[in-house]
Amino acid sequence: MTGNTDIIFAQPLDCYVKLTYKTRLSSIRFIKSKNSLKEKRTFDATFELEQYFSGEKKEFSCDVDISGLSLFTQKVLDELRRIKYGETITYSGLAERIGSKAYRAVGRALASNPIPIVVPCHRVVAKNGVGGYSGGVDVKKRLLELEGIH
DNA sequence: AGCAGGTTTAGCG
DNA sequence: CGCTAAACCTGCT
């Protein structure tokens, strides 16, 4: 069962990224390990991600597997994928897009997002400040910097 | 049912 | 201006 994961090193983040696949890309995790890990590239999305980190790619063509999540969460993540490279939106703004005022629930939905980056949850910021991030706020800041946002 | 969360906004010192 | 406190909505126990 270990043949469905890839690992690459993300220069901009200074940490490894592990991708898990089922029928589709199903999860991405940040690994802040001191030890060097063995990198592995077997899926298309992995290459896309690598190109994204090097600044060559700005959007992902791969599909993601979010079928296990609640309807509301899927709605949030789905809408979020429409946010373009280099753009940001606030929690409340994103809530409005899906016809709701549940900005707090949006934060909760994003927190349970299994696939950061491809589903650009780092582009969602708080109204005053950067907001939070599952993988760590430092990672979020670096991702925003990579996209040219300060 | 109750609680907590990647917020927000208002109100007070 | 910086901080505390209450309110909005959803998902989990």
Side-chain angles (χ1 to χ4, degrees), chain A residues 1 4-35 37 43 45-46 48-150:
Chain A
M1 247 335 226
N4 58 345
T5 64
D6 276 1
I7 294 182
I8 61 174
F9 185 77
Q11 290 288 350
L13 307 183
D14 192 40
C15 74
Y16 286 91
V17 176
K18 179 167 130 190
L19 303 89
T20 307
Y21 293 82
K22 308 272 187 193
T23 55
R24 296 278 171 221
L25 179 61
S26 70
S27 86
I28 292 182
R29 281 190 41 198
F30 302 106
I31 312 229
K32 294 162 187 166
S33 167
K34 299 169 194 164
N35 317 0
L37 301 176
F43 298 94
T46 306
E48 287 197 18
L49 198 64
E50 198 161 41
Q51 289 173 44
Y52 168 82
F53 285 133
S54 65
E56 299 165 28
K57 195 160 188 63
K58 304 193 172 172
E59 56 188 63
F60 300 96
S61 62
C62 58
D63 276 326
V64 294
D65 181 18
I66 54 175
S67 55
L69 303 172
S70 71
L71 184 63
F72 177 82
T73 303
Q74 288 188 38
K75 221 169 163 185
V76 172
L77 299 186
D78 203 46
E79 187 63 38
L80 181 53
R81 290 195 70 188
R82 298 191 190 173
I83 309 300
K84 296 180 212 138
Y85 186 97
E87 285 185 15
T88 58
I89 190 172
T90 59
Y91 293 90
S92 56
L94 185 57
E96 248 177 65
R97 278 202 178 206
I98 61 174
S100 166
K101 297 183 305 187
Y103 30 80
R104 195 116 190 233
V106 167
R108 204 174 212 318
L110 297 180
S112 58
N113 171 22
I115 317 169
I117 301 181
V118 174
V119 179
C121 51
H122 58 277
R123 291 181 196 145
V124 184
V125 297
K127 241 172 184 175
N128 344 318
V130 63
Y133 197 66
S134 306
V137 181
D138 53 329
V139 171
K140 182 173 187 173
K141 283 183 190 159
R142 295 191 192 215
L143 286 172
L144 291 175
E145 252 178 62
L146 174 63
E147 300 194 2
I149 305 165
H150 314 96

Measure the shortest side-chain to side-chain distance between [X] and [Y] over non-hydrogen atoms and say whether it is less than 4.5 angstrom.
| X | Y | value |
| --- | --- | --- |
| P12(A) | R142(A) | no |
| F43(A) | C62(A) | no |
| F9(A) | V17(A) | no |

[X] [atom1] to [N] [atom2], straight-line distance once rounded to whole Å:
| X | N | atom1 | atom2 | result |
| --- | --- | --- | --- | --- |
| R108(A) | dT8(B) | CZ | P | 16 Å |
| R123(A) | dG6(B) | CZ | C1' | 17 Å |
| L71(A) | dG11(C) | CG | C1' | 13 Å |
| K101(A) | dT10(C) | NZ | C1' | 15 Å |
| L77(A) | dG11(C) | CG | P | 11 Å |

The side chain of [X] lies closest to which of these nucleotides: [options]?
| X | options | value |
| --- | --- | --- |
| Y103(A) | dT10(C), dG6(B), dT7(B) | dT7(B) |
| C121(A) | dG6(B), dT8(B), dG5(B) | dG6(B) |
| T73(A) | dT8(B), dC9(C), dG11(C) | dG11(C) |

Side-chain donor-acceptor pairs of residues 96-109 of chain A under 3.5 Å, sequence neighbours excluded:
residue, atom, partner, partner atom, Å
R97(A), NH1, E79(A), OE2, 3.2
S100(A), OG, A102(A), N, 2.9

With a 4.0 Å cut-off on heavy atoms, is [X] in touch with a base, just the backbone sugar-phosphate, or nothing at all?
| X | result |
| --- | --- |
| V130(A) | nothing |
| A105(A) | base |
| A126(A) | sugar-phosphate |
| S134(A) | base |
| Y91(A) | base |

Note to self: Please give me the minimum heavy-atom distance between Y16(A) and N35(A), naming the atom from each residue.
What the structure shows: CE1-O, 3.8 Å

Check: Should the pair K140(A) and Y133(A) be classed as cation-pi, given the thresholds of under 6.0 Å to the six-membered ring centre and 45° from the axis?
Finding: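 The answer is no, since K140(A) fails at least one limit relative to Y133(A).
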
Item checked: K127(A) vs dT9(B): side-chain N/O to OP1/OP2 distance below 4.0 Å ->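 Checking K127(A) against dT9(B): at least one side-chain N or O falls below 4.0 Å of OP1 or OP2.
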
Notebook entry, point to check: For dG11(C), does either OP1 or OP2 sit under 4.0 Å from a side-chain N or O belonging to S70(A)?
Noted result: yes

Note to self: Expected output check: what is the dot-bracket annotation of DNA chain B, where ( ) and [ ] are pairs inside the strand (brackets for crossing ones), | is paired with another strand, and pairs are Watson-Crick or G-U under 3.5 Å?
What the structure shows: |||||.|||||||

Note to self: Reading DNA chain B from 5' onward, which residue's closest nucleotide shows up sooner: R104(A) or N128(A)?
What the structure shows: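 It is R104(A) whose nearest nucleotide is closer to the 5' end.
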
Next item on the list: Give a yes or no on this: more than 12 heavy atoms of other residues, nucleotides or ligands lie within 6.0 Å of atom CZ of R81(A).
Entry: yes

